[in-house]
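What you see is a predicted model; the values in this text were computed from it and never measured. Atoms considered below: every heavy atom in the structure, side chains included; atoms not considered: hydrogens, waters and symmetry mates.
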Amino acid sequence: MAHGGVCLARHEGLTIFVRHALPGERVRAAVTETRPRYARADAVEVIRAAPGRVEPPCPWARPTLCGGCDWQHASLDEQRALKAAVIRDQLRQLAGLDVEVVVEAVGGDDSGLGWRTRVQFAVDAEGVAGLRRHRSHDIVPIDWCRIAAPGVVELGVPSYRWPGASSVEAVAGGSGDRAVVVTPRRRGAKVGAPAALEASVMRADDKGAVDAVRGRPGVRERALGRTFWVGGSGFWQVHPGAAEVLTAAVLAALRPAPGDLVLDLYAGVGLFAAALAPFVAPRGEVIAIEGGPGAAADATTNVRDLPSVRVREGRVDTVLDALGLGRAQVVVLDPPRTGAGEGVVRRIAGLAPRAIAYVACDPAALARDVSTFADAGYRLDSIRAFDLFPMTHHVECVATLTPV
């Protein structure tokens with residue numbers, strides 16, 4: 001299995017990345033894309049199946065149909081084993097580390113379905129909402145998404161027409177709030193918003209401004225015994241158990257103490273900052289740095305009752321330079337899929353924290369940054385992986401780094 005949810009195959013010297021297959025299988029594959037050094041293909045017939053193969057529970061998880069789920073044809077145990085193997089492989093190839101990894105299940109339901117609390121539907125020229133084919137702009141109309149949470153399914157977005165829209169995001173907040181965020185196909189376009197839909201409906205223009213059609217432009221999420229406001233289509237983990245399990249892993253990695261200066265980098269709406277603040281108060285401080293203006297504003301709202309938290313808006317590297325800190329005791333970072341990059345990694349190492357918790361949604365980016373941390377004097381102490389995206393190749397990791 002290669003990174004990205006595809007199997008690696010070879011044919012007459014050509015490397016082929018095959019979807020809908022499992023390692024060890026013999027399949028008949030239809031080539032979907034060719035390049036000088038590789039090709040992409042779909043397994044359209046299984047000649048010899050792997051032991052972990054199952055019948056996909058979703059009728060749309062098939063070649064040429066929805067591209068959202070990578071591994072519905074694998075049992076959950078097989079999916080987690082494959083994810084662990086991919087993480088190990090990336091750490092070995094990109095960081096030179098041989099690390100044992102176990103992908104942990106999250107939540108009590110072991111079906112792998114009904115967990116995704118935010119689903120973005122694409123809309124075609126006729127206003128039909130659906131999901132895109134893999135590596136394609138083509139839209140596949142569906143009845144309902146099998147991995148969507150019940151609150152998202154109840155909104156019934158695919159059953160309505162959305163003339164003038166380019167996308168519709170259905171959100172089911174942990175507080176019971178629901179929202180539908182509608183993005184127009186072009187600036188100033190009139191978007192059809194079904195009056196029967198019992199949800200807040202927002203329209204977002206191409207500059208990110210949100211105009212509430214009905215209701216408040218966002219949803220409330222519940223975690224850590226607190227309520228977090230997430231505006232518009234802002235970022236919040238899509239698995240209902242993610243906030244609690246990731247926070248617990250970060251706290252275990254950092255072990256914050258009274259009086260610590262804590263950095264929360266790529267802070268989002270303030271989840272980790274709110275979790276860390278009680279452990280360092282009253283003499284310590286948490287500085288939360290977030291580049292998105294909307295998320296930074298939400299974070300400021302969400303931690304307003306915590307005097308030990310300070311929110312700074314801006315690029316992480318720029319804000320760190322402006323702060324001119326000499327030292328920080330612990331650091332948590334949750335960068336985008338591309339990773340933190342060398343500049344941010346070296347700035348963190350320069351602050352000589354005793355512990356770093358790196359929350360990563362991409363094993364390759366994590367491995368590259370772990371390698372840079374090693375050059376800067378920090379070793380990978382431990383890594384935990386969580387299956388927050390069943391039926392897909394995505395996996396969330398929390399890596400603990402300490403000084404060599």
Side-chain angles (χ1 to χ4, degrees), residues 106-108 114-120 148-155 169-181 197-202 204 208 210 212-251 254 256 262 264-282 284-313 332 334 357 359 386 388 396 398:
V106 177
W115 53 268
R116 192 176 182 95
T117 58
R118 293 167 180 255
V119 176
Q120 187 168 72
V152 170
V153 175
E154 289 166 6
L155 289 172
E169 183 177 14
V171 182
S175 65
D177 288 357
R178 297 188 299 173
V180 177
V181 181
L197 200 59
E198 294 181 0
S200 299
V201 178
M202 280 78 69
V210 176
V213 177
R214 184 174 75 243
R216 301 179 66 190
V219 297
R220 295 166 298 172
E221 298 284 359
R222 289 287 298 172
L224 315 177
R226 299 174 60 87
T227 298
F228 293 83
W229 176 255
V230 184
S233 57
F235 176 77
W236 185 264
Q237 289 282 353
V238 296
H239 193 291
E244 300 282 352
V245 74
L246 292 177
T247 298
V250 166
L251 291 174
L254 296 180
V262 181
D264 178 8
L265 310 181
Y266 312 94
V269 299
L271 173 67
F272 295 136
L276 290 159
F279 291 91
V280 304
E285 183 180 24
V286 179
I287 301 177
I289 303 176
E290 169 55 39
D298 289 343
T300 301
T301 298
N302 292 331
V303 300
R304 62 183 180 276
D305 62 322
L306 301 171
S308 59
V309 180
R310 179 158 47 119
V311 179
R312 292 292 300 268
E313 178 193 332
V332 57
D334 186 3
V359 183
F386 302 98
L388 299 180
E396 200 83 7
V398 178

Glu221 bridged to Arg118 by N-O distance under 4.0 Å: yes
Heavy-atom pair with the smallest gap, counting every atom of Leu254 and Ala357: CD2-N, 3.5 Å
Side chain proximity check, Val230 to Asn302, heavy atoms < 4.5 angstrom: no
Glu396/Val359 under side-chain contact (heavy atoms from CB on, under 4.5 Å): CA gap, chis, key distance, verdict: CA-CA 7 Å; Glu396 200 83 7; Val359 183; 3.5 Å; yes
His239 and Trp115 aromatic ring geometry - parallel, tilted or perpendicular at 30°/60° bounds: parallel
Test item: Asp298 and Thr300 side chains (from C-beta on) under 4.5 Å apart, heavy atoms: no
Minimum side-chain heavy-atom gap Val398-Phe386 below 4.5 Å: yes
Heavy-atom side-chain contact between Asp334 and Phe272 under 4.5 Å: yes
Residue pairs passing the side chain to side chain donor-acceptor pair (under 3.5 Å) test where at least one lies in residues 266-275, sequence neighbours excluded: none
Over all atoms of both residues, closest heavy-atom pair of Ala277 and Ser308: CB-OG, 3.5 Å
Val262 vs Ile287 side-chain heavy atoms within contact, under 4.5 Å: no
Closest non-hydrogen atom pair between Ala288 and Ala267, with its separation: CB-CB, 3.7 Å
Atom of Trp236, atom of Ala223 and distance for their closest heavy-atom approach: CZ2-CB, 4.1 Å
Derivation of the side-chain contact (heavy atoms from CB on, under 4.5 Å) call for Val309 and Glu285: CA-CA 6 Å; Val309 180; Glu285 183 180 24; over 6 Å; no
Contacts of type side chain to side chain donor-acceptor pair (under 3.5 Å), residue Thr227, not counting sequence neighbours: Arg222
Derivation and outcome, side-chain contact (heavy atoms from CB on, under 4.5 Å), residues Thr117 and Val171: CA-CA 6 Å; Thr117 58; Val171 182; over 6 Å; no
Minimum side-chain heavy-atom gap Gln237-Leu246 below 4.5 Å: yes
Over all atoms of both residues, closest heavy-atom pair of Arg178 and Gly151: CD-O, 3.8 Å
Worked check of side-chain contact (heavy atoms from CB on, under 4.5 Å) between Leu224 and Leu271: CA-CA 9 Å; Leu224 315 177; Leu271 173 67; 3.8 Å; yes
Nearest-0.5 Å distance, CZ of residue Arg304 to CH2 of residue Trp229: 11.5 Å
Sole residue of Leu276, Leu265, Leu251 in side chain to side chain contact (heavy atoms under 4.5 Å, CB included) with Val332: Leu276
Minimal non-hydrogen separation, Val152 against Ala148, with atom names: CG1-CB, 3.9 Å
